[in-house]
Amino acid sequence: MALTPARTMPGVLELLPLDQIAFQRMLDTIRRNYERFGFLPVETPAIEFADVLLTKTGGETERQVYFVQSTGALEQGEKPDLALRFDLTVPLARYVAEHERDLSFPFRRYQMQRVYRGERAQRGRFREFYQCDIDVIGKDSLSIRYDAELPAVIYSVFRELAIGPFTIQLNNRKLMRGYFESLGVADPEQQMLVLREVDKLDKRGAGHVRDTLTGEGFGLSPAAVEKILAFVQVRSSSLQDAYDKLDALGAGPEALEQGRAELKEVLGLIHAFGVPETHYALNLSIARGLDYYTGTVYETTLNEHPQIGSICSGGRYENLAGQYTRSHLPGVGISIGLSRLYWQLREAGLVATAQSTVDVLVTQMDEAQLPAYLALAGELRAAGIATEVVLEGGKLGKQFKYADRAGIRFAVVLGEDELAKGVVTVKDLRRGDQFEVVRAELVKTLRVELEQAAAMG
RNA sequence: GUGGACGUAGCUCAGCUGGUAGAGUCCCGGAUUGUGAUUCCGGUCGUCGUGGGUUCGAGUCCCAUCGUUCACCCCA
């Protein structure tokens, strides 16, 4: 009989248990911080009605959507009317519109679920991946102050994730559009194309961008292009520096002035939220997905690993749910693409395989003593220590090997010798040493050991 | 969707100008009966991606096909 190859489709992140534990620790940390800032949990179905997902977008996004259809409908040749969500923002819009009367505003929600995109396989790009989003949605209006709160959450999350120094970079789309307008690029469509081009600055270099913008298709004057390039190269080194650089842009159209005022307020408030000046900065090249962002935009990067790119991004959108409701629902949100982040951190050697969630393995020396082993395990579990008991026996060496490979750090041995002396042997598989402890002291001792192990990492 | 590269054991790969497959690793077992990860010994594993062609003979040449991967597009 021919075997079916055991394989997954490309672009999915499937992990071995110890890596899965490391991944889930990150999820836990993110969730803990989101909740700490007062965000409420929401989950939405992976499958939505296709027309709900595809109303606003179309074009590029539609090409990446997975359509879903029941076998019955498929056999009848019907067009699929269901699809897998490709982000969490569109479902949020639908959610808020649908439950508007039952929610309290400003509505602060967090959501950590998998989304699906029909991408061509590529390094670090997934077809199924986790997004960890927070958004604040206002009814009729939403204070700009919320734009400053999100960086505070980001700061809290990444500080606790302990993946090295990072910088939250900010820009404002009104400021960009206003500046481009002052250079004669007034058409929003063209502004968008210019921004998209400018977004490639880091990747392609200034020369390439200059050539493209002055070349046909754009046809901007060399003088205007130089101004644009100078604009997008603005970075701040401190809060005061950010203020100064914004002022140095000079007077401009309404949009520019508005963007500048917003940025200044947000930058100042972020500081008041307790984010150190070293961890956020003005970066006028940040453009982001321009389809729905209207004001503040964010990107966060790791200072020591710029090649990883943005590990968290988001921004302000004026009208989130316009496709679903006549209510005006402005919002601001950010998203951490955790699958990609985890994958890249692992590539860069910044996250290690975790230890097992099992703290202790109770070995089996003598089958007749099984009740004693089970009682011992029960005692440990009651004390909150995750414990596994070897039920199949076998050589002790094998049992240690099992523990080691499974990432279980401590093995407990209770054999003839120990029983006679009223003690238990505890072996630390990681350090490679072992010691005896009187039976009654076991829980206390293990607690100390586990605490130390956790502290040492 | 556009363009390029590559397809040999689970994994990483070797196989020179064509003569019916190899290494390392992994996994399993053993090295006197209560000690893993190191060492030593032994073992399992492949219709050389698939189909066709050239040839006395193809992993090795040609064509097709499928798959994987990189870049673009776009994005987390």
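Letters A, B, ... are given to chains in the order of the sequence lines, protein chains preceding strands, and every chain is numbered from 1.
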query = Looking across every strand, which nucleic acid part, if any, lies under 4.0 Å from A:S313 by heavy atom: base, sugar-phosphate, or nothing?
reply = sugar-phosphate
query = What about A:F23 and A:Y130, are their ring centers closer than 6.0 Å?
reply = yes
ask   = Does any non-hydrogen side-chain atom of A:L54 lie less than 4.5 Å from one of A:F67?
value = yes
key: Gap in Å between the two P atoms, one belonging to B:rU35 and one to B:rG30, rounded   = 13 Å
message = My understanding is that only residues two or more places apart in sequence, or in another chain, count here; which of them pass side chain to side chain donor-acceptor pair (under 3.5 Å) with A:K398?
response = none
query = What string of B, S and - do you get for nucleotides 32-41 of chain B, 5' to 3', if B is base contact, S is sugar-phosphate-only contact and - is no contact with any protein heavy atom under 4.0 Å?
reply = --BBBS----
task = Quickly work out the A:E197 CD to B:rC72 P distance and round it to whole Å.
result = 13 Å
inquiry  = Expressed as a whole number of angstroms, how long is the span from A:R125:CZ to B:rC74:C1'?
reply    = 6 Å
A:R117 (side chain) and B:rC75 (base): donor-acceptor pair under 3.5 Å = no
task = Could you give the distance separating B:rU2 and B:rG18 at their C1' atoms, to the nearest angstrom?
result = 37 Å
query = With sequence neighbours left out, what residues match A:Q69 under side chain to side chain donor-acceptor pair (under 3.5 Å)?
reply = none
ask   = Rounding to the closest angstrom, what is the interatomic distance between B:rG59 and B:rG46 at atom C1'?
value = 12 Å
ask   = Going by ring centres under 5.5 Å and near-parallel planes (under 30°), is A:F129 stacked on B:rA76?
value = yes
request  = For A:R127 and B:rC75, give me the distance from atom CZ to atom C1', rounded to whole Å.
outcome  = 15 Å
query = Can you find a donor-acceptor pair, distance only, under 3.5 Å between A:R340 side chain and B:rC75 base?
reply = yes
message = Taking only the C1' atom of each, what is the distance from B:rC62 to B:rU69 in whole angstrom?
response = 24 Å
remark   = When rounded to whole Å, the CD1 to P distance for the pair A:I308 and B:rC75 reads 21 Å
key: B:rC66 to B:rG10 separation - P atoms, rounded to the nearest Å   = 24 Å
message = Assuming nearest nucleotide by heavy-atom distance, tell me which of A:G11 and A:S339 is located more 5' along RNA chain B.
response = A:G11
inquiry  = If we ignore hydrogens and angles and just use 3.5 Å, is the side chain of A:Y324 paired with the main-chain N or O of A:V52 as donor and acceptor?
reply    = yes
request  = Mark up nucleotides 1-6 of chain B, 5' to 3', with B wherever a protein heavy atom is under 4.0 angstrom from a base atom, S wherever such an atom reaches only the sugar-phosphate, and - elsewhere.
outcome  = BBB---
task = Could you check if a side-chain atom of A:L282 sits within less than 4.5 angstrom of a side-chain atom of A:L267, using non-hydrogen atoms only?
result = yes
ask   = Can you check whether A:R85 reaches A:V90 side chain to side chain, under 4.5 Å on heavy atoms?
value = no
ask   = Looking only at atom types and distance, does a side-chain atom of A:Q399 sit under 3.5 Å from a main-chain N or O of A:Q364, one as donor and one as acceptor?
value = yes
Name each donor-acceptor pair under 3.5 Å that joins a side chain in residues 149-165 of chain A to protein atoms two or more places apart or in another chain, with its distance.
residue	atom	partner	partner atom	Å
A:E149	OE1	A:R108	NH1	2.9
A:E149	OE1	A:R108	NH2	3.3
A:E149	OE2	A:R108	NH2	2.7
A:S156	OG	A:N33	OD1	2.5
A:E160	OE1	A:N33	ND2	3.0
A:E160	OE1	A:R36	NH1	3.4
A:E160	OE2	A:R32	NE	3.2
A:E160	OE2	A:R32	NH2	2.5

inquiry  = Tell me the interatomic distance from A:D133, atom CG, to B:rC75, atom C1', rounded to whole angstroms.
reply    = 14 Å
key: Steps toward side chain to side chain donor-acceptor pair (under 3.5 Å) verdict (A:Y402, A:E388)   = CA-CA 12 Å; A:Y402 168 80; A:E388 175 180 346; 2.8 Å; yes
query = Mind checking the C1' distance from B:rA21 to B:rU47? Whole angstroms is fine.
reply = 13 Å
Whole-Å P distance, B:rG67 and B:rG51 = 16 Å
message = Would you measure the distance from the P atom in B:rA23 across to the matching atom in B:rC41 and give it in whole Å?
response = 14 Å
Check: A:R145 side chain, A:L142 main-chain N or O, donor-acceptor pair, under 3.5 Å = no
request  = Determine whether the aromatic ring centres of A:Y116 and A:Y66 lie less than 6.0 Å apart.
outcome  = no
key: Stems formed with participation of RNA chain B [Watson-Crick or G-U wobble, under 3.5 Å, three or more pairs]   = B:1-7 with B:66-72, B:10-13 with B:22-25, B:27-31 with B:39-43, B:49-53 with B:61-65
task = Check whether any side-chain heavy atom of A:T300 sits under 4.5 Å from a side-chain heavy atom of A:H279, and report yes or no.
result = no
